[in-house]
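Below, read A as the first sequence line, B as the second, and so on, with proteins coming before strands; counting in each chain starts at 1.
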2 protein chains.
Amino acid sequence: MVGVNQRKNSGATAAPVRAKRAGATGPASERRDHLVKLAAELFARKGFQATTVREIADEAGILSGSLYHHFDSKETIVDEVLRTFLEDLIARYRAALADAADARAALSQLVSIGFHTLEPHRAAITVMQNDWNYLRSLPGDRFDYLVRAEDEVERMWMEQIRRGQASGQFRADVDPKLTYRMIRDGIWVAVRWFRPGGRLDTDALADHYIRVLFDGLATGDRTTQPA
Amino acid sequence: MVGVNQRKNSGATAAPVRAKRAGATGPASERRDHLVKLAAELFARKGFQATTVREIADEAGILSGSLYHHFDSKETIVDEVLRTFLEDLIARYRAALADAADARAALSQLVSIGFHTLEPHRAAITVMQNDWNYLRSLPGDRFDYLVRAEDEVERMWMEQIRRGQASGQFRADVDPKLTYRMIRDGIWVAVRWFRPGGRLDTDALADHYIRVLFDGLATGDRTTQPA
DNA sequence: GTCTATACAAAGATAGAC
DNA sequence: GTCTATCTTTGTATAGAC
């Protein structure tokens, strides 16, 4: 059941997430980036669909028609929000995996990176989770890169989990894919309740998560058997 | 940091989720329930907003106007979807906690129930996660019960986690609230990829989750220290 | 780069006949 | 319980002036 499949090319090259700003009408600019940021916050708060171009324009202090000087559609805006996040995430993952001494160190790094992206990319991650199904359901292949990026990320995680199982650092009696999903989900969903200035900072979060993940919640005291 | 706070009233009585079918126009009926089910699937696939009343009617083989014989608005439909799920969930939780011998057994039960609701309530759980922010952002207090239900569920889990820490079954050096969120999120998010006829059934899922949660991913071999 | 004005489509909801 | 027909609102997007 446990696949032994470790190779050294941590930075897998298949299916990169590129071709930024597919539907741009104007050149790259700070103004434009600012608008994207404003829109991202609204998308995160109310959902992509529920956010109207009028609201985005309002937030920026301009009229809705003026938005179309910068973007050719509302989809283009959310596209840019998600692309920016995914590119940054994958770049960080690659860099971390290049340095990691072993599987445990690698996994710790990946978890840590995940929690640390929560703060700078909170809005994008929220949109990604809430509107994934909808964006994927749109006609055309515009958002196919979401799946490509997801696959690439999965490959990186799975490699480390399998590596750890093969080397004996991780228990071999857990399903690698299931474990990957469990970890991934547990990190990203934190965006629902994580607030930058709150009780826990991202370091504390990552630390807690890694601790429970690696060593478990139980003590030696097993009064009952697992159900 | 670790609060010691166990009491025996597992079935906390504050803020129940009741008052079913708030915006009903007709009497309860199988026909009506069927329409709710169809709508729930569409809401889950495309999102609440992106699903039009025309699509729901199409799916049922009637015209959109006819829907308003059964429901007075689209919101009423999603309301019923979510209420049904939450009532069932909380009832199951209460029943399980009434029997549980100790904290570890209780937590196992709660986890197990979570995964077992995935199959019958897949659509509702998906809607709950994806459209939570939007529904909460609507004017009025119509969806306030979502938060009340969330609070009640949190109380049940936290009680068991704290009980386990006090009794020595769970390690005392983890934050109870953070742990609760970690577990809760990890379970519900599984609706994203869980498919009823797939490789793993809900039993296998629950079992895997409980194993990793209680005992951790690591073996004794600590080549590296946690980051 | 923004505004005014407006086209055009889609969506939620209603009234009354059958 | 469903259909036909329609109202009203809202939302994306465009054209051209400033």
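For A:Ile56 and D:dT12, the CD1 to P distance is 8 Å, given to the nearest whole Å. A straight line from CZ of A:Phe71 to C1' of D:dT14 spans 17 Å, rounded to a whole angstrom. The interatomic distance linking A:Leu138 (CG) with D:dT12 (P) rounds to 13 Å, in whole Å. Note: CG (A:Leu35) to C1' (C:dG1) measures 11 Å, nearest angstrom. Between the P atom of D:dC3 and the CG atom of B:Asp58 lies a distance of 11 Å, rounded to the nearest Å. Distance, A:Lys46 NZ to D:dT10 P: 12 Å, rounded to whole Å. One interatomic measurement links the two molecules: NE2 of A:His70 to P of D:dA13, which rounds to 15 Å at whole-angstrom precision. As rounded to whole Å, 8 Å separates atom P of C:dA13 from atom NZ of B:Lys74.
Out of D:dC3, D:dT12, C:dA13, the shortest distance to the side chain of B:Leu63 is found at D:dC3. Relative to the side chain of B:Ile62, the nucleotides C:dG1, D:dA13, D:dC3 differ in distance, and D:dC3 lies closest. The side chain of B:Ser64 lies closest to C:dA13 when the candidates are C:dA13, D:dG1, C:dG12. Each of D:dA13, C:dG1, C:dA13 was ranked by its minimum atom distance to the side chain of A:Ser73; first place goes to D:dA13. You'll find that the side chain of A:Arg31 is closest to C:dT2, out of C:dT2, D:dC3, D:dA13.
The aromatic rings of A:Phe43 and A:Phe48 lie perpendicular to each other, with more than 60° between the two planes, well past the 30° mark. Ring geometry for B:Trp188 versus B:Phe85: interplanar angle over 60°, hence perpendicular rather than tilted (30 to 60°).
Contact annotation: A:Ser66 side-chain N/O to C:dC3 OP1/OP2 distance is under 4.0 Å. Not one side-chain nitrogen or oxygen of B:His69 sits closer than 4.0 Å to the OP1 or OP2 atom of C:dT14. Within the 4.0 Å cut-off from OP1 or OP2 of C:dT14, not a single side-chain nitrogen or oxygen of B:Tyr68 is found.
No hydrogens or angles considered: nothing links the side chains of A:Ser112 and A:Arg92 as a donor-acceptor pair under 3.5 Å.
With B:Phe194 as the aromatic partner, B:Arg122 does not meet the cation-pi criteria of under 6.0 angstrom to the ring centre and within 45 degrees of the ring axis. Geometrically, A:Arg184 does not engage A:Trp157 in a cation-pi contact, judged by NZ or CZ lying under 6.0 Å from the ring centre and within 45° of the ring axis.
Interface remark: the B:Arg54 side chain does form a donor-acceptor pair with the C:dG12 base, using a distance-only criterion of under 3.5 Å.
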